[in-house]
Asker: 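Sharing a structure with you now.
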Amino acid sequence: MTHVMVLGSRPCYVSVIEVERDVESKSLASSEWYSYFAGVGKTLYGKRVHIEIVNAALGDQVLVGSLLLVGITYEPKRNMLEILLEGLDHLIEKPKAISVQEDSGTPVALEIIDREGRHQIVTLA
């Protein structure tokens with residue numbers, strides 16, 4: 001089954017397996033970024049990560065198809081979100097906004113708007 005999910009202001013088409021879930025979406029204030037990722041980073045270790053960059057000028061681009069997550073952290077002094085994957089470090093400098101979708105308190109998707117205004121969609125499985 002295909003659904004349209006709106007993250008930020010852009011629609012994304014996703015295939016969905018219908019399962020009874022308690023999914024909550026929320027935007028994080030920049031003052032929450034460090035503590036949020038410090039709190040959930042260890043619980044996400046070993047999850048499969050898919051990263052897609054949504055860009056109006058270039059279209060949607062898959063950056064990472066499926067890699068294991070080693071860690072995720074926000075470094076406030078450098079204003080950088082670091083997504084550490086098996087064999088790859090994905091750095092997002094000066095994010096403008098971060099939103100998260102949680103299933104029973106565990107993140108299942110992130111939307112990061114980077115300094116260039118691109119939407120980086122990170123899904124965790």
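For the numbers below, each heavy atom of this structure counts, side chains included, while hydrogens, waters and symmetry mates do not.
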Asker: Leu88 and Val49: same hydrophobic cluster, using ILVMFWY side-chain contacts below 4.5 Å?
Answerer: yes
Asker: Check whether any side-chain heavy atom of Ile98 lies under 4.5 Å from a side-chain heavy atom of Phe37, and answer yes or no.
Answerer: yes
Asker: Taking all heavy atoms of Ile112 and all of Pro95, pick out the closest pair and write down the distance.
Answerer: CG2-CB, 3.8 Å
Asker: With a 4.5 Å limit on heavy-atom distance, are the side chains of Ile121 and Leu110 in contact?
Answerer: no
Asker: Measuring from atom CD1 of Ile113 to atom NZ of Lys96, what distance do you get when rounded to the nearest 0.5 angstrom?
Answerer: 8.0 Å
Asker: Passes salt bridge (Lys or Arg N to Asp or Glu O under 4.0 Å), Arg118 versus Glu116? Steps please.
Answerer: CA-CA 6 Å; Arg118 297 176 302 189; Glu116 296 168 3; 3.3 Å; yes
Asker: Are Tyr74 and Ser35 packed together at the side-chain level, in the sense that at least one heavy-atom pair is separated by less than 4.5 angstrom?
Answerer: no
Asker: What distance do Thr123 atom OG1 and Glu52 atom CD have between them, rounded to the nearest 0.5 Å?
Answerer: 8.5 Å
Asker: Flag the pair Lys26 / Glu102 as yes when at least one side-chain heavy-atom distance between them is below 4.5 Å, and no otherwise.
Answerer: yes
Asker: Kindly work out whether a path of hydrophobic side-chain contacts (I/L/V/M/F/W/Y, heavy atoms less than 4.5 Å apart) joins Leu84 to Ile72.
Answerer: no
Asker: For Tyr45 versus Val70, what's the shortest heavy-atom pair and its separation?
Answerer: CD1-O, 3.2 Å
Asker: To the nearest 0.5 Å, what is the distance between CD (Glu93) and CZ (Arg115)?
Answerer: 4.5 Å
Asker: List the steps, then state whether side chain to side chain contact (heavy atoms under 4.5 Å, CB included) holds for Glu111 with Gln120.
Answerer: CA-CA 6 Å; Glu111 178 188 27; Gln120 298 198 29; over 6 Å; no
Asker: Do you know which two heavy atoms are closest between Gly65 and His50, and how far apart they sit?
Answerer: O-ND1, 3.2 Å
Asker: Less than 4.5 Å apart, side chain to side chain, heavy atoms only: is that true for Ile51 and His90?
Answerer: yes
Asker: If I take atom CG from residue Leu124 and atom CZ from residue Arg48, how far apart are they, to the nearest 0.5 angstrom?
Answerer: 12.5 Å
Asker: Are Ile92 and Val40 linked, directly or through intermediate hydrophobic residues, by side-chain heavy-atom contacts shorter than 4.5 Å (ILVMFWY only)?
Answerer: yes
Asker: Do Asn79 and Trp33 touch side chain to side chain, with heavy atoms closer than 4.5 Å?
Answerer: yes
Asker: So, the side chain of Asp103 versus the backbone of Thr106: is there a donor-acceptor pair under 3.5 Å, distance only?
Answerer: no
Asker: Can you tell me how far apart CG (Leu85) and NZ (Lys47) are? Round to the nearest 0.5 Å.
Answerer: 14.5 Å
Asker: For residues Leu91 and Leu81, determine if any side-chain heavy atom of one lies less than 4.5 Å from a side-chain heavy atom of the other.
Answerer: no
